[in-house]
> 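My questions all concern the structure below.
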Amino acid sequence: MIKIGINGFGRIGRALFRINLLHKNYQIVAINEIDPDIDNMAYLLKYDSTYGKLFNNKISRDGDYLVVDDQKIKVYHERNIKDVDWGKHNVDVVIDSSGVFENVLGAKHITDNKIVDKVVVTHSPKSGIDLTLMIGVNEKSYIKEQHHVISSSICDANAVTPFFHLINSKFGIDIGEVTTLHPWLSYQNVLDGNLRSVSSPGHFWNDYALGRNSTVSLIPKDTSLVSAMQKVISGVEDVVDAMSFRTPTAIVSAADGSFYLKTKTNLEEVIACVEAYEKEYPGVLLLDNKSLVSIDYMANENAAILDGRWLKVLNGRLLKFVLWYDNEWGYAKRTYNIIEFILK
């Protein structure tokens, strides 16, 4: 069985662990987490305010090991991914879910020195990676011998890019606008204050609104959606603009957007091409017409769910859409699928 290491045991790291408990495709043999309290790691894995308690798994600590059922997983507490002895555990792939750019550079070190074969980074750094990979968009670009540090991009881009790619390839897109609505994140405040950067520790956000109480307001902010999309589809920056709101909700994001098409079409043609794409790339884009709200998509493993109720084509050219996506579970499943793809 493929052996996996996880660097950073926060929201995405634990979601990946839980997904593997369901699918059982890999053996997780090592975790690196700067929090030295392994009992707390076990507690946070077992009890989750969003996804619930793990009723069917025995989770405990044994010295410097996290024990899940009958498996002992070595836990390290290093600041940098390169200081972990991944090779001792014969790790094939490390998932860097720390969100810290310094670990991207460390990932290059451990792949160049053949300590591990691949590192999958769960964000979209400006440099330091060999390829940003999205199944259903640019998987044909992957070259096993060249691409070792791979980005799974960000949750917003994983939701919007496949739909953009599909529509642009079928009808062409002249121009577009997307607004994402994203739940609060752990680094935001519950009381007004300044806000530290996660990716660059020691630095502070200069968008002061993002430091406001995250539980009572919609907070408008810039987004890296378009720059992340640009890494898999060249020319997106000339076509699409985007902004975001942080929402006072715990889970599930939405993308509300419009594309002005180059070729006239109708709703039936758009639905037909989406349904064909669904069959070719299961788990990436799902068309759903149910009368649901955001929480109903919690733990949905698709990259995005296209809400058929709000899908419209106006005057043959203006395509209106709403996408739903679980920004933790659905995104973590994309990372999980990337590992399946690069190792098969």
Side-chain angles (χ1 to χ4, degrees), residues 134 136-137 153-185 217-226 228-229 233 236 239-261 265-278 281-331 333-334:
M134 288 187 197
V137 180
S153 193
I154 59 175
C155 58
D156 302 324
N158 272 271
V160 176
T161 309
F163 185 65
F164 175 92
H165 172 65
L166 173 64
I167 297 303
N168 192 45
S169 63
K170 296 292 184 180
F171 308 107
I173 297 174
D174 260 335
I175 197 163
E177 177 68 35
V178 179
T179 299
T180 62
L181 297 104
H182 194 296
W184 57 50
L185 293 177
S217 292
L218 291 170
I219 301 176
K221 67 179 291 291
D222 197 4
T223 174
S224 58
L225 168 62
V226 176
M229 292 174 65
I233 302 178
V236 168
V239 177
V240 176
D241 189 32
M243 69 164 292
S244 182
F245 286 94
R246 284 285 159 78
T247 63
T249 52
I251 198 63
V252 180
S253 296
D256 174 15
S258 298
F259 295 149
Y260 191 76
L261 306 180
T265 186
N266 55 55
L267 184 59
E268 290 73 22
E269 288 182 338
V270 172
I271 290 173
C273 76
V274 170
E275 290 176 339
Y277 185 85
E278 274 186 52
Y281 298 104
V284 178
L285 183 63
L286 175 68
L287 178 63
D288 188 11
N289 294 293
K290 300 184 188 72
S291 183
L292 301 180
V293 297
S294 60
I295 198 66
D296 297 320
Y297 298 104
M298 186 180 74
N300 190 299
E301 293 191 349
N302 290 276
I305 301 93
L306 178 62
D307 196 327
R309 297 172 299 164
W310 312 113
L311 186 63
K312 301 175 183 179
V313 178
L314 306 177
N315 294 326
R317 289 284 177 86
L318 186 62
L319 176 62
K320 167 70 177 177
F321 63 90
V322 172
L323 299 166
W324 300 99
Y325 50 105
D326 185 317
N327 46 286
E328 292 178 357
W329 196 275
Y331 171 68
K333 187 57 163 59
R334 304 278 64 68

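The shown structure was predicted, so the numbers you read here are calculated from the model rather than taken from an experiment.
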> Would you confirm whether Asp296, through its side chain, and Val293, through its main-chain N or O, come within 3.5 Å as a donor-acceptor pair?
yes
> Compare all side-chain heavy atoms of Asp222 with those of Met243 and state whether any distance is below 4.5 angstrom.
no
> Below 4.5 Å, heavy atoms only, C-beta onward: do Leu286 and Leu306 meet side chain to side chain?
no
> Measure the NZ-CZ distance between Lys221 and Phe245 for me, rounded to the nearest 0.5 Å.
11.5 Å
> Indicate yes or no: at least one non-hydrogen side-chain atom of Thr180 is less than 4.5 angstrom from one of Val178.
yes
> Ignoring hydrogens and geometry, is there a side-chain-to-backbone donor-acceptor pair from Glu328 to Ile251 under 3.5 Å?
no
> Between Arg334 (side chain) and Ala159 (backbone), is there a donor-acceptor pair under 3.5 Å?
no
> What's the separation between atom CG in Leu311 and atom CG in Leu319, rounded to the nearest 0.5 Å?
5.5 Å
> Taking the six-membered ring where the residue is Trp, are the ring centres of Phe259 and Phe321 under 6.0 Å apart?
yes
> List the steps and the verdict of side chain to side chain contact (heavy atoms under 4.5 Å, CB included) for Val270 and Ile167.
CA-CA 8 Å; Val270 172; Ile167 297 303; 4.2 Å; yes
> Could you tell me the separation between the CG atom of Leu287 and the OH atom of Tyr277, rounded to the nearest 0.5 Å?
14.0 Å
> Asn168 and Ile173: which non-hydrogen atoms are nearest, and at how many Å?
OD1-N, 2.9 Å
> From Glu268 CD over to Cys273 SG, what is the distance, rounded to the nearest 0.5 angstrom?
12.0 Å
> Per the side chain to side chain donor-acceptor pair (under 3.5 Å) rule, what does the pair list look like for residues 311-326, sequence neighbours excluded?
Tyr51-Asp326, Asp156-Tyr325, Asp256-Lys320, Asp307-Trp324
> Are any side-chain N or O atoms of Arg246 and backbone N or O atoms of Leu185, one a donor and one an acceptor, separated by less than 3.5 Å?
no
> So if I apply the side-chain contact (heavy atoms from CB on, under 4.5 Å) rule between Asn158 and each of Met134, Lys333, Met229, which one comes out positive?
Met134
> As an exercise, state the distance from OG of Ser169 to CZ of Phe164, rounded to the nearest 0.5 Å.
9.5 Å
> Show the nearest heavy-atom pair for residues Leu292 and Arg309, with the distance to one decimal.
O-NH2, 3.1 Å
> Of the non-hydrogen atoms in His182 and Cys155, which two are nearest, and what is the gap between them?
NE2-SG, 3.4 Å
> Could you walk me through whether Tyr297 and Asp288 pass the side chain to side chain contact (heavy atoms under 4.5 Å, CB included) test, one step at a time?
CA-CA 11 Å; Tyr297 298 104; Asp288 188 11; 3.7 Å; yes
> Hey, does Leu285 have a side-chain heavy atom less than 4.5 Å from the side chain of Phe163?
yes
> Under 4.5 Å between any side-chain heavy atoms of Leu261 and Asp174, yes or no?
no
> Say you draw a straight line from CG of Leu323 to CG of Asn302; how long is it, rounded to the nearest 0.5 Å?
11.5 Å
> Using the side chain to side chain contact (heavy atoms under 4.5 Å, CB included) criterion, which residues pair with Leu181? Sequence neighbours excluded.
Thr247, Ala254
> Test Thr223 against Ser244 for side chain to side chain donor-acceptor pair (under 3.5 Å), laying out the working first.
CA-CA 6 Å; Thr223 174; Ser244 182; 5.1 Å; no
